[in-house]
A.B. asks: 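A single structure is presented below for examination.
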Number of protein chains: 2
Amino acid sequence: MTNIRDLAKMAGVSVTTVSRVLNKHPYVSEEKRKAVLAAIESSNYQPNINAVHLSMGKTFLVGVVVPFIDHSYFALLIKGIAMEALENNYKLVLFQTNYDKERELEALQMLKQKQIDALLICSRASGWPTIADYISYGPIVLCEDGREKNVSSTFVDHYRCFLFALNYLYQKGHQQIGYCIGRKSGTSSKFRGMAYKDFVTRYHLQHNPSYIFNHCNYFEDGEQVIEQILKMEEPPTALLVTSDEVAAGIVTCAHKQNISIPEDLAIIGFNNQPIAQMMGITTIDIPLIEMGRKLFLQGINPSEQVTHQEMEMQLIERQSV
Amino acid sequence: MTNIRDLAKMAGVSVTTVSRVLNKHPYVSEEKRKAVLAAIESSNYQPNINAVHLSMGKTFLVGVVVPFIDHSYFALLIKGIAMEALENNYKLVLFQTNYDKERELEALQMLKQKQIDALLICSRASGWPTIADYISYGPIVLCEDGREKNVSSTFVDHYRCFLFALNYLYQKGHQQIGYCIGRKSGTSSKFRGMAYKDFVTRYHLQHNPSYIFNHCNYFEDGEQVIEQILKMEEPPTALLVTSDEVAAGIVTCAHKQNISIPEDLAIIGFNNQPIAQMMGITTIDIPLIEMGRKLFLQGINPSEQVTHQEMEMQLIERQSV
DNA sequence: TTGTAAGCGTTATCAG
DNA sequence: CTGATAACGCTTACAA
């Protein structure tokens, strides 16, 4: 492999000059520039990026922590992040954690070791103190309400979101409302749970724990939801489903079991994905791609300023309510 | 940031000794080891990984090229790759190319620049010659039949696979068979097309171009397929669908339109994903996660040997045929 | 406008 | 067992 010194020799100039033309710095005579360019051409030279990184203390690599890559919510977030990364000439290092704290630590470790310039945490299993230990090593950005924390964040207010949807269903006449989430722990579930509790209290409704369906991440998870509902003496008349894919699975299974949507069971999905449009599912639009972009920008933004971006949600009314 | 030289000073030893302790090399007296360990402890030392990379000429980063991250086929492949990467202490750099040749080039460029130790190409838009230019810079592994090419590969024989499925449908009495693919170009489509042609020829069937449905990647794409079928005077009686998700979309839409599965339209999906099981779709199982693992291992395998692994497919009979 | 030389933080060789 | 010291390949003061 030819290196910058070889190039210098070939072109009859110094390494500095080579470096300058490589990095398009000014103050290089046209003559020498051409010589260097010729040397580069003829030698098929390629800079060793690791040397650049060592020298600059920067890698143009940004870490992205997600629990699952094959979940539409995260896939869309990543898509947005990837788009912005592309535009800014960064590459992404993906950490699929499966909510394993060990793997989250690996990501934080890479930040500490400077192998990545920033770390975007889309969802996490680790407690905040664990992560807080690493904020001095590089920018960490959270995809959750981080206003109480000293890192940047982009998020939707899940409390407000849920409350809005619950009220909407209530206005449509529903009093027995359940909801589906991916996991019980996790900050968004916490906020949603609070919204649900407040809603139930406000309208003096029953808080029925069996109306909360956990582990709903994929289309096929809709099956269990319907199975459980069929077993209930007093099933919910409406369901908030935190992923359109799961909502689609529920609708599909409901049809199989002759449960009419929305007559027997109203459904509100989340994220406004194509599958929801196709199946006529009312949903709450969350601009995930846009969120991904913002997350990325917060990560690489050189300003030391910690910022917080709240994203707006929007109800898309279709035929499932 | 404290570095290895500071450590040496603190522990009263040489950098070499520190390095030895750090890398768990033998031949260090217990006494000095303890001193170094103490220094590491007290200084909150963290090695600069970029320096390690420069010195070793290795990054423990492996690049993965996929067109879309949010497509189940690739998501599963990545899952397998990620699992194996974890076990071998590698991290992944993800390239979501959207079948943009530019972005594929970026990935190849990173291989050339030694920022990644190997590149796994799960699917590509670039022609082979473009990629062949880079094989001297590091291991490239293909997820397609690479037996004619001088790089390692893990693949399924899409020709055999398709022919098998077509014959199966023929035996079940189908003579008007269509198929759905993600894109017309691409090596797998080429093989599938050949299988289809050979099949049609063998049984003296009509080769009806409108029986080939392109752009079928996601669940919602099933809608167009059904729409088109409804318009046909002589619609296919069976469909090979190269993704279970699309198959599920087709089945869902078919129900909506009162097309009975399998009476009016038989469906064979691909990949044996949970959604297919839930919806009772007959499918061809392809061990994608296992394939991912093998791809990864071929990438980091130090042996210079080029290897080719053909994976076996398996028909899973359910209720859609 | 150009070049020398000092880093950047490791690993590895080789002589003790 | 231990330690100088030379790589690794690039950037960047600083000097000219």
Side-chain angles (χ1 to χ4, degrees), chain A residues 1-37 39-40 43-61 89 109-117 137-138, chain B residues 1-37 39-40 43-61 89 109-117 137-138:
Chain A
M1 284 261 66
T2 114
N3 64 22
I4 200 173
R5 240 172 309 258
D6 300 335
L7 240 40
K9 213 164 289 170
M10 293 168 66
V13 299
S14 72
V15 286
T16 314
T17 301
V18 176
S19 177
R20 284 212 256 272
V21 327
L22 246 25
N23 297 292
K24 307 192 197 307
H25 284 179
Y27 306 132
V28 179
S29 70
E30 200 49 39
E31 184 190 3
K32 302 215 169 191
R33 157 172 281 110
K34 283 216 176 106
V36 172
L37 257 19
I40 291 174
S43 65
N44 195 20
Y45 167 80
Q46 200 56 229
N48 179 321
I49 209 95
N50 291 313
V52 178
H53 292 165
L54 173 59
S55 193
M56 308 218 302
K58 203 167 173 340
T59 61
F60 288 94
L61 245 33
N89 259 307
Q109 205 65 7
M110 277 183 68
L111 184 68
K112 191 170 180 183
Q113 298 187 341
K114 307 211 168 304
Q115 191 168 14
I116 51 181
D117 292 347
Y137 300 114
Chain B
M1 281 262 66
T2 115
N3 66 22
I4 200 173
R5 238 173 310 259
D6 301 334
L7 241 39
K9 212 165 288 170
M10 293 168 66
V13 300
S14 72
V15 284
T16 313
T17 299
V18 175
S19 177
R20 284 214 255 276
V21 174
L22 248 23
N23 298 291
K24 305 192 199 307
H25 284 178
Y27 308 132
V28 179
S29 69
E30 201 48 39
E31 186 190 2
K32 302 213 171 190
R33 158 170 283 110
K34 283 215 176 107
V36 172
L37 257 21
I40 291 174
S43 64
N44 194 20
Y45 168 79
Q46 200 55 231
N48 178 320
I49 208 94
N50 291 314
V52 178
H53 292 165
L54 172 59
S55 192
M56 308 216 303
K58 202 166 171 346
T59 60
F60 287 94
L61 246 35
N89 261 306
Q109 205 66 7
M110 277 184 69
L111 183 68
K112 192 170 180 183
Q113 298 186 340
K114 306 215 166 302
Q115 192 168 14
I116 52 180
D117 292 346
Y137 301 114

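Labels below follow one simple rule: chain letters A, B, ... track the order of the sequence lines, proteins then strands, and each chain is numbered from 1.
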A.B. asks: Just one of B:Asn23, B:Thr17, B:Thr16 clears the side-chain hydrogen bond (donor to acceptor under 3.5 Å, both in side chains) bar with B:Ser19, so which one?
C.D. replies: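 Looking at B:Asn23, B:Thr17, B:Thr16, the match for B:Ser19 under the side-chain hydrogen bond (donor to acceptor under 3.5 Å, both in side chains) is B:Asn23.
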A.B. asks: Rounding to an integer number of Å, can you tell me how far B:Leu54 CG sits from D:dA7 C1'?
C.D. replies: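 The distance from CG of B:Leu54 to C1' of D:dA7 comes to 9 Å, rounded to the nearest Å.
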A.B. asks: When the distance from CD of B:Gln115 to P of D:dC10 is rounded to whole Å, what number comes out?
C.D. replies: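 Distance, rounded to whole Å: 14 Å.
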A.B. asks: Between B:Thr59 and B:His53, what is the shortest heavy-atom contact and its length?
C.D. replies: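 Reported closest heavy-atom pair: O-NE2, 3.3 Å.
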A.B. asks: Measure from NZ on B:Lys114 to P on D:dG9 and round the result to the nearest Å.
C.D. replies: 10 Å
A.B. asks: Give a yes or no on whether the backbone of A:Lys58 and the side-chain of A:Asp117 come within a donor-acceptor separation of less than 3.5 Å.
C.D. replies: no
A.B. asks: Measure the distance from NZ on A:Lys112 to P on C:dG9 and round it to the nearest whole Å.
C.D. replies: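 About 16 Å, once rounded to whole Å.
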A.B. asks: Does A:Lys58 put a side-chain nitrogen or oxygen below 4.0 Å from OP1 or OP2 of C:dC8?
C.D. replies: no
A.B. asks: I'd like to check the side chain to side chain contact (heavy atoms under 4.5 Å, CB included) partners of B:Thr2; sequence neighbours left out, ordered by chain and number.
C.D. replies: B:Asp6, B:Leu7, B:Ser43, B:Tyr45
A.B. asks: Starting at atom CZ of B:Arg33, determine the distance to atom P of D:dG3, rounded to an integer number of angstrom.
C.D. replies: 13 Å
A.B. asks: Side chain to side chain contact (heavy atoms under 4.5 Å, CB included), that's the test. Do B:Val36 and B:Val13 meet it? Break it down for me.
C.D. replies: CA-CA 8 Å; B:Val36 172; B:Val13 300; 3.9 Å; yes
A.B. asks: Can you tell me how far CD1 of B:Ile4 sits from NZ of B:Lys9, rounded to the nearest 0.5 angstrom?
C.D. replies: 13.0 Å
A.B. asks: Just by distance, with hydrogens left out, do A:Gln109 and A:Gln115 show a side-chain donor and acceptor under 3.5 Å apart?
C.D. replies: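 On atom types as modelled, these side chains do not qualify, holding no pair under 3.5 Å.
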A.B. asks: Under the 3.5 angstrom rule, does the side chain of A:Asn50 hit a backbone N or O of B:Asn50 as a donor-acceptor pair?
C.D. replies: no
A.B. asks: Let me know the distance between CG of A:Asp6 and P of D:dA7, rounded to the nearest Å.
C.D. replies: 14 Å
A.B. asks: How large an angle, rounded to 10°, do the end axes of the helix from C:dT1-D:dA16 to C:dG16-D:dC1 enclose when each is built from five base pairs?
C.D. replies: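 End-to-end axis angle: 40°.
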A.B. asks: Should A:Asn44 and B:Lys112 be marked as a side chain to side chain contact (heavy atoms under 4.5 Å, CB included) after you check the CA-CA gap, both sets of side-chain angles, and the distance that decides it?
C.D. replies: CA-CA 11 Å; A:Asn44 195 20; B:Lys112 192 170 180 183; 3.1 Å; yes
A.B. asks: Give the B/S/- string for nucleotides 10-16 of chain C, one per nucleotide from 5' to 3', where a protein heavy atom under 4.0 Å of the base yields B, of only the sugar-phosphate yields S, and otherwise -.
C.D. replies: BBBB---
A.B. asks: Expressed in angstrom and rounded to an integer, what is the separation of A:His53 atom NE2 from D:dT12 atom P?
C.D. replies: 13 Å
A.B. asks: Just how far, in rounded Å, is P of C:dG3 from CD of A:Glu31?
C.D. replies: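 A:Glu31 atom CD is separated from C:dG3 atom P by 11 Å.
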